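Everything on this sheet refers to the single structure shown next.
Values in this document were obtained by computation on a predicted structure and should not be read as measured data. The sequence lines fix the lettering, A, B, ..., with proteins before strands; numbering per chain opens at 1.
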Amino acid sequence: MNRVLDHKWDLDKKEVIALQKTLAGGVIREDSFERLKYIVGVDVAYRNRDDIVSAAAVVLDVDTLDIIETKTINDIAKFPYIPGLFSLRELPPIINALEQLTITPDLLVCDGNGIAHPRRFGIACHLGILFDIPAIGCAKTRLTGEHSQVGPIRGDFVPLIDRDEVIGSVLRTQNEIDPVYVSPGHRVSLETTRKLILKLSPRYRLPETTRLSDRYARRALAEI
DNA sequence: GCGACAG
DNA sequence: ATCTTGTCGC
Ligand SMILES: [Mg+2]
């Protein structure tokens, strides 16, 4: 698969924020896709000792959740982790892994937020925009936004709100288990984002895409 | 200035 | 996210 857009990555904090504000204008928050058959989960594993990182892209069939294709790559971290600028650290290796895939996936699932971000441009938006492919984000903890308490049953959810705007959902994927924070990344609506994450999380708190990509990335890092 | 803060 | 020893359980 190939990018339809690219930009400089060697930027300082100030430049990244400016870039996010510019690219955020291109994010599409409504459903805009033909089909959602092949779903790809992406994640990165880190080794602090030498800053070597491994990224994995795992393609699943959305209906059976069977693994269709997987690719892993090794790289070096070139940007620190800064809340709000997460995509600059994690996206380079992820893009590298995605470009190794022979299949062009219909949906990108990120381990982090989409528009549930201070500038409405989390990692799922950034990745979705670069490939112009539908994307959604599923974070384990909150970055920004407020919400009321969510019900205890799988499927229960409450809106995540920031500055009078709904930016995502706090979704219970398993009964009695901590909820996740889901938000649109690109070309997917709030409702479809919830429906997809729920479908991808039939047995565990996190979607299979996130669980598998995390596992493959760590396995690759352990081998070098 | 203080507190918050995806992975 | 990673670091980090032993320890509990199947
Ligand atoms: Mg991760």
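- In summary, of the residues considered (Leu130(A), Ile28(A), Ile115(A), Ile136(A)), a side chain to side chain contact (heavy atoms under 4.5 Å, CB included) with Cys125(A) occurs for Ile115(A) alone.
- Annotation: cation-pi geometry not satisfied between Arg187(A) and Phe33(A) (NZ/CZ under 6.0 angstrom from ring centroid, within 45° of ring axis).
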Dump the pairs, protein N or O against N or O of nucleotides 5-7 of chain B, anything under 3.5 Å, distances to one decimal.
residue, atom, partner, partner atom, Å
dC5(B), OP1, Arg142(A), NH2, 2.7
dA6(B), OP2, Tyr81(A), OH, 2.5
dA6(B), O4', Asn113(A), ND2, 3.4
dA6(B), N7, Gly84(A), N, 3.1
dA6(B), N6, Gly84(A), O, 3.3
dA6(B), N6, Phe86(A), N, 3.2
dA6(B), N1, Ile123(A), N, 3.3
dA6(B), N3, Asn113(A), N, 3.1
dA6(B), N3, Asn113(A), ND2, 3.4
dG7(B), OP1, Lys140(A), N, 2.5
dG7(B), OP2, Thr141(A), OG1, 2.9
dG7(B), O3', Asp111(A), OD2, 2.9

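- The backbone N or O of Leu206(A) lies less than 3.5 Å from no partner atom in the side chain of Thr210(A), so there is not a single donor-acceptor pair.
- Under a cutoff of 6.0 Å and an axis angle of 45°, Arg172(A) and Phe157(A) do not form a cation-pi pair.
- The heavy-atom pair separating Met1(A) from Pro105(A) by the smallest distance is SD-CD, 3.5 Å.
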